[in-house]
Amino acid sequence: MSQHRPSLDAFSGQLSDRAKSFFVREHIFRDLSNTCSFERLAEELDRRGAPWFDKVFELEEEFGGLVRRGPHPKTPSLAIGLFQLICLGFDSPGEEEPEDDSALVSLKWPMARLAATGDLLTHVGVYTTEADLYLSESGWIFWYVSTLDRVELLSGSASTFLERVALEDHVRRTMREYAGTFFMADEGSTIAQALNIPVVEEASDALITHWMNPNLFISRLPQASAPGIYRTRIVSRTVEALLSAARAVITKSPEARATVETHLPGGRERHDALRREGVAVSG
């Protein structure tokens, strides 16, 4: 298979310099042999009896064929675009038997139904070798891990999803102790206002918001597969920076409980510091 590696200028106006640098570092490129025209994609959807979601066509046009190769050509660790999944052999010839208690009910490929809301989703990518990406009619990106039967709403658009991936990689590389602290409270904007932390516009949309300064990375994220209930994630360069953010949360929401990723670098230290501060914390 030929691999077309266009200039990163092909993404000008769609992705930030941070995202483009991430693509170069991670050897992510656009294989133009694994994307197609509007007409070809329409034919493929018609052949499968799948609905024409405008956002599926938009994603194909903007990012179809985007790939990061995995250990085998058929198992990439990142792949974007419905036509690319067809090329990779994800196409299913018939109906799958849905499981009544599954978070994502399989229909005739590439369609699935989100059990929590009943919304139809289209399979449009893979993210890591264990997770799949789905797109709603409104353009929301969902992440599904079948081994855990877990669905998570990642972003309100494909571009925000890619920006989020690049931003979180930047945080992991620049903050060596990158264990996250999650508050079950929607207080990201409270922290940002109290500590004067600017928003990361390119990685934010109507569903998720990120703020960042040299010492703190704050995220407002949906708690589940549908918007409406939000949690706040804090990643800090130091314990002191975390405590300053936590105080802003507790001042506004005294009953808010925290969970710390104690299995990640800096997690145990942050867990213990929050407990000493009097925060209800688990991890």
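If you're wondering where the values come from, they're calculated on a predicted model, not measured in any experiment.
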Which atom names give the shortest non-hydrogen contact between [X] and [Y], and what distance separates them?
X      : Y      : value
Ala42  : Trp52  : CB-CZ2, 3.2 Å
Ala256 : Val249 : CB-CG1, 4.2 Å
Ala248 : Thr190 : O-CG2, 3.7 Å

**OP:** Taking atom CG of Asn196 as the centre, report whether more than 12 heavy atoms of other residues, nucleotides or ligands fall under 6.0 Å from it.
**Re:**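 Not more than 12 within 6.0 Å, no.
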Subject >> Arg257 atom CZ, over 12 foreign heavy atoms within 6.0 Å >> reply: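 Open.
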**OP:** List for me each residue that meets side-chain contact (heavy atoms from CB on, under 4.5 Å) alongside Glu26, sequence neighbours excluded, and say none if there are none.
**Re:**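 Once residues adjacent in sequence are excluded, the partners of Glu26 under the side-chain contact (heavy atoms from CB on, under 4.5 Å) criterion are Phe22, Ile28, Arg68, Asp169.
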**OP:** Kindly write out the residues that satisfy side-chain contact (heavy atoms from CB on, under 4.5 Å) with Asn215, not counting sequence neighbours, or none if the list is empty.
**Re:**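 Only Asn213, Arg237, Ala241 meet the side-chain contact (heavy atoms from CB on, under 4.5 Å) criterion with Asn215.
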List, one per line, each side-chain donor-acceptor pair under 3.5 Å for residues 110-121, sequence neighbours excluded.
residue, atom, partner, partner atom, Å
Arg113, NH1, Gly118, O, 2.9
Thr117, OG1, Asp119, N, 3.3
Thr117, OG1, Asp119, OD2, 3.2

Original post:
Out of curiosity, Arg48 CZ to Glu43 CD, how far, rounded to the nearest 0.5 Å?
Top reply: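 It comes to 11.0 Å.
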Subject >> Shared-cluster residues of Val200, by chain and number - hydrophobic side chains joined below 4.5 Å >> reply: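 Hydrophobic cluster check, Val200: joined to Leu167, Val171, Met175, Tyr178, Met212, Phe217, Val235, Leu264.
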Original post:
Is a side-chain donor-acceptor pair under 3.5 Å present for Glu62 with Ser159?
Top reply: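 No pair is found: no donor N or O on one side chain lies under 3.5 Å from an acceptor on the other.
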Subject >> Residues Glu261 and Arg233 bridged, charged N to O under 4.0 Å >> reply: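 Between Arg233 and Glu261 there is no salt bridge, as every charged N stays at least 4.0 Å from the carboxylate O atoms.
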**OP:** Determine, step by step, whether Ser236 and Arg270 satisfy the side-chain hydrogen bond (donor to acceptor under 3.5 Å, both in side chains) criterion, reporting the C-alpha distance in whole Å, the side-chain angles of both residues, the deciding distance to 0.1 Å, and the verdict.
**Re:** CA-CA 9 Å; Ser236 64; Arg270 282 153 177 74; 3.2 Å; yes
**OP:** Look at the aromatic rings of Phe161 and Tyr127 and report parallel, tilted or perpendicular, splitting at 30° and 60°.
**Re:**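 Because their plane-to-plane angle is over 60°, the rings of Phe161 and Tyr127 count as perpendicular.
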Original post:
Taking only residues two or more places apart in sequence, or in another chain, which ones meet Arg247 in a salt bridge (charged side-chain N to carboxylate O under 4.0 Å, His left out)?
Top reply: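 Only Glu277 meet the salt bridge (charged side-chain N to carboxylate O under 4.0 Å, His left out) criterion with Arg247.
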Subject >> Pairs satisfying ring pair (Phe, Tyr, Trp, His ring centres under 6.0 Å), at least one member in residues 221-270, at least two apart >> reply: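 Every candidate ring pair (Phe, Tyr, Trp, His ring centres under 6.0 Å) pair involving residues 221-270 fails, so no pair, neighbours aside, qualifies.
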